[in-house]
Structure formats: C-alpha cells, structure tokens
S.K.: 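The following block contains the structure, expressed as structure tokens.
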Amino acid sequence: MSSRLSLMVASVALAFAASTAFAAPQAASSSAPAKNSQQQRMTDCNKQATGKTGDERKAFMSTCLKGETPAAEPAKQTQQEKMKACNADPQAKSLKGDARKQFMSNCLKSDAAPAAH
C-alpha cells in the first residue's frame with residue numbers, strides 16, 4: 001500500500017508542478033510593470049511629433065509632455081484665397097499700373113494676406 005500511496009503523492013506533486021510551470025510565464029507577462037503616465041505620454045507625444053524637426057519638435061514635445069494642447073497653426077491660404085484677399089484690400093483698389101503690380105506682388109508673397117475690410 002505504501003508504494004501506491006507514494007506513487008499517488010508523486011503523481012499529484014508532478015501535476016501541481018506542471019500546472020505552476022505553465023502558469024508562470026503567463027503570470028510574468030501579465031504582471032509586467034505598466035507604463036506610468038509620463039512614459040505613456042512620451043510615447044504618445046513621439047508619435048504625434050512625427051515629421052517635426054529641430055525647434056519645432058522641441059516646442060511641440062515641451063507643450064505635449066506638459067499635457068498642454070499646442071496652439072493650432074493657422075490654416076495656410078491657397079493662392080486663390082490670397083489673390084481674393086489682396087484684391088479686396090482698399091489700398092489695392094486705389095493703386096494703378098506699376099504701383100498696383102508691386103503691391104499685389106508683395107501681398108501675394110506675404111504669409112498672411114490682409115483681411116478684407
């Protein structure tokens with residue numbers, strides 16, 4: 001009887017050891033330390049900063065990591081929108097000839113065409 005008892009105890013011990021051996025890798029992977037909020041924020045900001053370089057990237061990362069939302073960049077005007085805005089400028093209406101050409105050239109080259117009055 002004792003050999004049967006020792007065989008049964010060995011079988012139970014082996015079954016227990018096998019179940020804990022298979023459970024250990026799952027427990028290790030699920031108990032891996034989660035990223036803290038700053039690490040997660042760094043990951044997210046890096047993804048959002050794709051394509052930015054130099055000072056633009058530094059400024060973006062600084063505001064992003066602080067949790068601030070960066071100021072939205074003003075939408076760039078199309079050439080057609082610039083032309084319309086420059087033509088609507090009261091100064092353009094009073095100019096003629098070369099003076100008007102010069103004014104329009106400068107207006108269209110600028111980043112922000114004057115707003116219509």
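Starting from 1, each residue takes its place in the sequence as its number.
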S.K.: Decide if atom CD of Q80 counts as having more than 12 heavy atoms of other residues, nucleotides or ligands within a radius under 6.0 Å.
M.R.: no
S.K.: Working to the nearest 0.5 angstrom, can you tell me the gap between D44 CG and L65 CG?
M.R.: 10.0 Å
S.K.: How many angstroms lie between atom OG of S62 and atom CZ of R57, to the nearest 0.5 angstrom?
M.R.: 12.5 Å
S.K.: Please report the interatomic distance CZ(R41) to SG(C64), rounded to the nearest 0.5 Å.
M.R.: 8.0 Å
S.K.: Quick one: closest heavy-atom pair of M42 and M61, and the distance?
M.R.: SD-CE, 3.8 Å
S.K.: Would you say T43 and Q39 make side-chain contact, with heavy atoms under 4.5 Å?
M.R.: no
S.K.: Could you give the distance from CZ (R100) to SG (C86), rounded to the nearest 0.5 Å?
M.R.: 9.5 Å
S.K.: Can you see which heavy atom on M104 is nearest to which on N87, and at what distance?
M.R.: CE-OD1, 3.3 Å
